[in-house]
Amino acid sequence: MIMSHLNGFVQEASGQPMGHRERAVDCPCEESSLVKSPHNSAHMERIQHYQEELRRKREDESRGRLDIDPNASLRLKKLSQNPKVGIDNPTFEEKEKDAKEEPQHHVAELEELQQALKWARCCLTDAQSQQDVELVVQLLANADFKNAYSLYTAVSQQKSRVSPNSPLTVQAEDLCQEVQKILQSSQQKEGLELRALLTNPHVQALMQAHDSVAAQEMAEENVTQYLGETVKLVRLEKARDTPLGATVRNDMESVVVSRVVKGGAAESSGLLSEGDEILEINGISIRGKHINEVHDLLQQMHGTLTFLLIPSTQIKPAPHRQTVMHMRAYFDYNPSDDPFLPCRELGLSFQKGDILHVISQEDPSWWQAYRDGDEDNQPLAGLVPGKSFQQQRETMRKSITDRSREHQGKLWYAKKGKKQRKKSTSNVSKSTDYDDILTYEEMSLYHQPASRKRPIALIGPTNSGHDELRRRLLSIDPEKFAVAVPHTTRNSRIHERNGREYHFVSRAAFETDVASGKFIEFGEYEKNLYGTSTDSVRHVVNSGRICLLCLHTRSLQVLRSSNLKPFVIFVAPPSQERLRTLLASEGKTPKPEELKTVIEKAREMEQNFGHFFDATIVNVDPDQAFHELLRLINKLDTEPQWVPTSWLC
Ligand code: 5GP
């Protein structure tokens, strides 16, 4: 099939040698109606004469141009003899000659085309066509056009050359210096230009970079045969304090690279890949060893490590730029408690609310991540459970707990002699809904604009002091801080104005707004409804002031989905004894059970809603707590904060 295609192509082109550079501009006239012109033979003669002259001129020009002797440098000569240089292996002299002649050819091609067009113009009879052709002739004569054409041809020829798939030399820098030396005596324009290029600091730095990359690639390229398998020899540097950052697994007798972790020597060298079998490390045979032995061995090794590997046969996915995802964790994680973690040493512990920079999700079950703030002290990324993996096992854990609860419940009912429970309390079916299980939320940095300050939501149990903190803020700067005007169904009092103290509305209107989700929170007091609407908060935000809210935890979900971008601060009570003293200073005398309840309530809030808190203030001392609150609020103006990415969409 291929042959028949090739034959067909050759036949079509028969009589016209292929690849003949000068043929393209000459041949159109053969089919052209212009051939039939009465001036045909005279013109043909003129063209042939002109072509002859051009050829002669080109030959004269190329003669004596090679005044740089590549043999002047042994290294240059060696490079020119390298079989990898080019696919058809032209000699250095041929390449040099080609390179010099190419621009001349392009100029000649243009001149010929120009000449042919001029001739065509003479044959044309109508003025418009003559004018059109003249325009093209002028374009071809334009110096900028000629340069652009030469450049285009040079680039397309470079592109069509097959580049070698391994480095040709690791001495590009030395070669450059040698070429500079050779060029010292050259007064030719090209020589001067090349010397200027090679002495340019950027080009020199490029050569230096080339050599170090090439040296590394050549180290890897050391491919040979071992036990009948193709093996590769890899050398990498492991500093005493830098981990290798790779995990291995036993596969029968073999020790196989199972994971390459970002930030370690293995990853930065790019020489070890997942699936590579390790045969030897620094001459020590690895086959047959348990992975623990390999771990101990490698822990003691540093400096240059030479690995003999059977490269993985897996097709490596094309390297793609990893996008870092920033995730807020909604659960605590302790690697030493996790029996599923594939490599305990690499596990990364974190707490609910921590921001994780996830740099690799290649393994969907085990992401590679850094904890926010740890990146500089912790070069190696750690393993954390992937989102879906965590959701699945949480679902399983929940359903097991639910089932055992159900079982205990049944036993209890059986003991009581009841036949069946009316309604199952199990929510096994509900627990299979992954979306119910909070694992991670993607976050982005957000810097509040000066004209739209984020509302501050203070959360805490009664008597934790959050309400007092809000009052204090309002009193120190009423221009800066404000509260949202609430809605109520009660009648207005004499001094009250609608929209100032309250928005006075009917019960029906209030209930309609509640039903359509317009309230962040609401409650009933002495048969009247009271509540804060998102619109009221938005009104404060739009006025440029900071809206202060004291909320119950159950209001957090609505507030977070309101597009108001709240900053949530949890005000936690101090120890029971300290709380008693603080309340006593306010003239309150709570019973010990009441104090316990405050602390217990705070613990519950943290347990169930801690993942929504942006900051926590422990109210040990009201003045300190107030200053900490001010510091946090002012920080929103100076530093961007992590917010759910969904808020910014
Ligand atoms: P008053 O009718 O005396 O102005 O307020 C009666 C009660 O309603 C007070 O305890 C006050 O704290 C409460 N209240 C005022 N505004 C709101 C609100 O927006 N939401 C809730 N849940 N209660 C409010």
Side-chain angles (χ1 to χ4, degrees), residues 453-476 478 480-543 545-571 573 582-583 586-590 594 597-598 601-602 604-605 608-609 612-613 619 622 626 629 633:
K453 310 270 185 169
R454 296 172 66 182
I456 305 293
L458 297 172
I459 307 274
T462 318
N463 281 330
S464 72
H466 64 303
D467 214 20
E468 288 68 24
L469 287 169
R470 176 175 72 156
R471 269 202 288 273
R472 211 165 149 180
L473 281 175
L474 286 167
S475 66
I476 59 147
K480 186 173 174 182
F481 300 104
V483 288
V485 176
H487 284 61
T488 184
T489 56
R490 79 156 163 76
N491 292 327
S492 63
R493 292 171 189 152
I494 292 192
H495 62 280
E496 289 175 337
R497 256 207 347 247
N498 190 21
R500 191 176 64 189
E501 283 80 13
Y502 288 103
H503 296 290
F504 297 99
V505 292
S506 67
R507 195 172 188 102
F510 196 107
E511 281 169 354
T512 311
D513 283 354
V514 167
S516 54
K518 288 191 176 168
F519 282 97
I520 294 166
E521 61 81 41
F522 66 95
E524 192 156 8
Y525 179 77
E526 292 190 349
K527 298 196 175 149
N528 287 309
L529 294 171
Y530 293 84
T532 313
S533 72
T534 46
D535 281 347
S536 292
V537 177
R538 196 165 288 119
H539 185 75
V540 178
V541 173
N542 291 344
S543 74
R545 286 173 298 167
I546 300 172
C547 185
L548 298 175
L549 295 154
C550 272
L551 293 177
H552 196 277
T553 42
R554 66 172 166 260
S555 305
L556 281 178
Q557 281 283 30
V558 186
L559 186 65
R560 278 169 56 87
S561 52
S562 65
N563 198 23
L564 288 165
K565 303 186 182 77
F567 187 79
V568 181
I569 301 173
F570 180 59
V571 181
L582 288 178
L583 293 175
E586 291 171 23
K588 294 177 186 168
T589 49
E594 287 170 327
T597 310
V598 177
K601 192 96 193 104
E604 246 174 57
M605 284 177 155
N608 300 326
F609 295 91
F612 290 148
F613 304 159
N619 194 0
F626 180 70
L629 179 59
I633 293 172

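Just so you know, ligand 1 is whichever comes first in the structure, and atom 1 is the first atom listed for that ligand.
- Counting atoms of ligand 1 from 1 in the listed order, those under 4.0 Å from a heavy atom of Thr532 are 19 (O).
- When non-hydrogen atoms are compared, ligand 1 lies under 4.0 Å from neither the backbone nor the side chain of Glu526.
- Close N/O approach between Tyr525 and ligand 1 is not found [any backbone or side-chain N/O within under 3.5 Å].
- Distances shorter than 4.0 angstrom do not occur between any heavy atom of Glu524 and any atom of ligand 1.
- The aromatic rings of Tyr525 and Tyr530 sit perpendicular, their planes meeting at an angle over 60°, well past the 30° parallel limit.
- Atom 9 (C) of ligand 1 is never approached by the protein to below 4.0 angstrom, counting heavy atoms only.
- Using a 4.5 Å cut-off on side-chain heavy atoms (C-beta onward), Glu468 and Pro622 make no contact.
- Contacts with ligand 1 closer than 4.0 Å are made by no heavy atom of His487, backbone or side chain.
- When each atom of ligand 1 is checked for a heavy atom of Gly523 under 4.0 Å away, the hits are 22 (N).
- Under 4.0 angstrom from ligand 1, there are no non-hydrogen atoms of His503.
- Here the heavy atom of the protein found nearest to atom 2 (O) of ligand 1 is Tyr530 OH, 2.4 Å.
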- Assess whether salt bridge (Lys or Arg N to Asp or Glu O under 4.0 Å) is satisfied between Glu511 and Arg507, documenting all intermediate values. CA-CA 6 Å; Glu511 281 169 354; Arg507 195 172 188 102; 3.4 Å; yes
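- Counted within 6.0 Å of NZ on Lys565, heavy atoms from surrounding residues, nucleotides or ligands total more than 12; the atom is thus considered enclosed.
- Checked by atom type, the side-chain pair Arg490/Thr488 shows no donor-acceptor distance below 3.5 Å.
- Other residues, nucleotides and ligands contribute more than 12 heavy atoms inside 6.0 Å of the CZ atom of Arg500.
- The protein reaches atom 4 (O) of ligand 1 closely, with a heavy atom under 4.0 angstrom from it.
- Shortest contact from atom 22 (N) of ligand 1 to any protein heavy atom: Glu521 OE1, 3.0 Å.
- Shortest contact from atom 15 (C) of ligand 1 to any protein heavy atom: Tyr502 OH, 3.4 Å.
- Taking both residues in full, the closest heavy atoms of Val483 and Arg470 are given as CG1-NH1, 3.7 Å, listed atom of the first, atom of the second, then distance.
- The aromatic rings of Phe570 and Phe613 sit parallel to each other, their planes meeting at less than 30°, with 60° as the upper class boundary.
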